[in-house]
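Working notes, beginning with the structure itself.
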2 protein chains.
Amino acid sequence: MSNRILLVEDDLALGQQVVDTLSQAGFDPHWVQDGDAARGLNPDDYRVIVLDLMLPGTYGMDLLKRYRTKSEVPVLILSARDDTADKIRGLKLGADDYVTKPFFPEELVARIQACVRRPNLVGTERIIVGAIQIDLERREVTTSDGTLSLTPVEFEILGLLARRKGSAVTRDALVDAALDTAHDNSRRTLDVHISRLRGKLRSDAAQLETVWGIGYRLSEGS
Amino acid sequence: MSNRILLVEDDLALGQQVVDTLSQAGFDPHWVQDGDAARGLNPDDYRVIVLDLMLPGTYGMDLLKRYRTKSEVPVLILSARDDTADKIRGLKLGADDYVTKPFFPEELVARIQACVRRPNLVGTERIIVGAIQIDLERREVTTSDGTLSLTPVEFEILGLLARRKGSAVTRDALVDAALDTAHDNSRRTLDVHISRLRGKLRSDAAQLETVWGIGYRLSEGS
DNA sequence: CCCGGCGTTAAGGCTCGCGTAAGGTCCGAG
DNA sequence: CTCGGACCTTACGCGAGCCTTAACGCCGGG
């Protein structure tokens, strides 16, 4: 991963300006003008995502929520209104910063650099929770019983649970992340995948606990 | 490390306000009024440092530089002037965020939580009242007897009481927040849940006191 | 064309939480 | 002190939420 930055911004003049500034600062900006286009992109392809809240198509907040269920990528919100309630909502949803227009491009760059500087990128692509090790890149999972191979859906589920390790994750979030969201009935499907996952985890299955009425949680067995 | 936060702020009224807000949000603020006092402290003792730039004694920027050479602690700058040059300078020096006065205390809290969320693990959405710790994200409650698992309704009740910790909360408010409001007869239902909660809280049950004729209150066991 | 892998659906059984009832206890007013 | 209402606790049945097994349909490769 290089210095690629995703900019979601519908204002043409402003977008161009930001792109120029970012390029000049050594980043590699990737600019999309509309929320629906941004929807299909993989957040993990970018170092930072700069997101305008007021967008045609998908509303910015939805995008943020969507990215957050899939990834840990830093998201920086760009907004026309200097609305405190909005700010709080955005930051609560996991945004890393919030900049209101108008702003000086240099400020935006400085804030992006502040995001990137954070020490989280150390243990990249590999998550260890208890006896379970998940290599997101190699798509490989090791437990105390040895390496085991998961199906794509199973891997997505385990991956999301691992990224949120320790926290209770909603059934909806899991369904949204791992299953084809087209047919959203039959939430029993998730049960089956969880069941199979537990079966494969064998002696470490206890780490995948169900949170009644909410969803599931992957915890360190400790 | 707990939720200790260092606040460096010379304005007495504002400082007190921030301290109150932070406490209420479950943090443990530690307030010093002057830069020279802050100079001797070990930044690693804190989860986040909130730093006013305009200080008597050591100038705020110097403090920031000093902290940065010693530690990776997130620093959030508080400043009276909305000066872009200052912002950029602060962020370049390694500050994680920059808030200009006047601001709403809730915004500050949200930004602090965004900072804290980074290094993974705890810190978000956690309320501590007496010996009871409530992690809203993990949906987990810890008491002096250890971790205990609550049902959704019990968790909602305890959560609301914790958010309003110290204040009496109406029965109606609790019923409204936690129970399926469809059939609101049988107000005895809430009693049962409270009872069960007390049962699970065991030795900390005393913190959940009855306010006769009103409702309940969750207090620090003092 | 068959076969194995995978996602999905269906169905039965089970656990668990919720609400209600019933009897006891505590509190405050008169 | 007494009475009534507010509150606490225990017990229990129902239904929701969950787990598992089994079987179906959709691909891909052999």
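In what follows, every chain begins at residue 1, and chains take the letters A, B, ... in the order their sequences are listed. FYI, side chains are in, hydrogens and waters are out, and symmetry mates aren't considered; it's all heavy atoms of this structure.
- Closest approach to the A/T151 side chain among D/dC19, C/dA21, C/dG7 is made by C/dG7 (side chain taken as heavy atoms from C-beta onward).
- Relative to the axis of its first five pairs, the axis of the last five pairs of the helix from C/dG4-D/dC27 to C/dG30-D/dC1 sits at 30°, rounded to 10 degrees.
- A salt bridge is absent between B/R171 and B/D176: the closest approach of a Lys/Arg side-chain nitrogen to an acidic carboxylate oxygen does not fall below 4.0 angstrom.
- Distance from the side chain of B/T210 is smallest for D/dC7 among the nucleotides D/dC7, C/dA10, C/dA21.
- Partner A/L51 forms a side-chain contact (heavy atoms from CB on, under 4.5 Å) with one of A/L78, A/L7, A/L76, A/V75 and no other, that one being A/V75.
- Taking atom CD1 of residue A/I214 and atom P of nucleotide D/dG17, one finds them 11 Å apart after rounding to whole Å.
- In this structure, B/I194 places its CD1 atom 21 Å from P of C/dT25, rounding to the nearest Å.
- Separating the CG atom of A/D191 from the P atom of C/dG13 is a distance of 18 Å, rounded to the nearest angstrom.
- Atom CG of B/L190 and atom C1' of C/dG19 are 12 Å apart (whole Å).
- The closest side-chain donor-acceptor pair between A/T147 and A/E140, if any, does not fall under 3.5 angstrom.
- One can place CZ of B/R198 at 8 Å from C1' of D/dC8, the figure rounded to the nearest angstrom.
- In this structure, the side chain of B/R217 does not engage the main chain of B/V169 through any donor-acceptor pair within 3.5 Å.
- Checking C/dT8, C/dG19, D/dC7 against the side-chain heavy atoms of B/L179 singles out C/dG19 as nearest.
- A salt bridge is absent between A/R164 and B/E137; no separation between the charged side-chain nitrogens and carboxylate oxygens falls under 4.0 Å.
- Salt bridge present: A/R139 and A/E156 bring a charged side-chain N and a carboxylate O closer than 4.0 Å.
- At whole-Å resolution of the value, CZ in A/F155 and P in C/dG7 are 13 Å apart.
- Mapped onto DNA chain C by nearest heavy atom, B/K200 and B/V192 fall at different nucleotides, with B/K200 at the one closer to the 5' end.
- Atom CG in B/L201 sits about 14 Å away from atom P in D/dC8, given to the nearest Å.
- A close approach under 4.0 Å does occur between a side-chain nitrogen or oxygen of A/H193 and OP1 or OP2 of C/dT8.
- A donor-acceptor contact under 3.5 Å is not formed by the side chain of B/R188 with the base of D/dT10.
- Closest to the B/Y216 side chain, of the nucleotides C/dT15, D/dC7, D/dT10, is D/dC7.
- Remark: C1' of C/dC18 and CD1 of B/I157 are 11 Å apart, rounded to the nearest angstrom.
- Side chain to side chain, A/T210 and A/R198 fail the donor-acceptor criterion of an N or O pair below 3.5 Å.
- In this structure, of C/dC6, C/dG17, D/dC12, it is C/dC6 that holds the atom nearest to the side chain of A/P152.
- Nucleic acid contact class of A/G199 (heavy atoms, under 4.0 Å, all strands): none.
- Once rounded to the nearest 0.5 Å, the distance linking CD1 of B/I127 with CD1 of B/I134 reads 6.0 Å.
- The side chain of B/V153 lies closest to C/dC18, out of C/dC27, C/dC18, D/dC19.
- Here the side chain of A/S195 is nearest to one of D/dC7, D/dT20, D/dA11, namely D/dT20.
- Using a 4.0 Å heavy-atom distance criterion, A/R196 is classed as a base contact.
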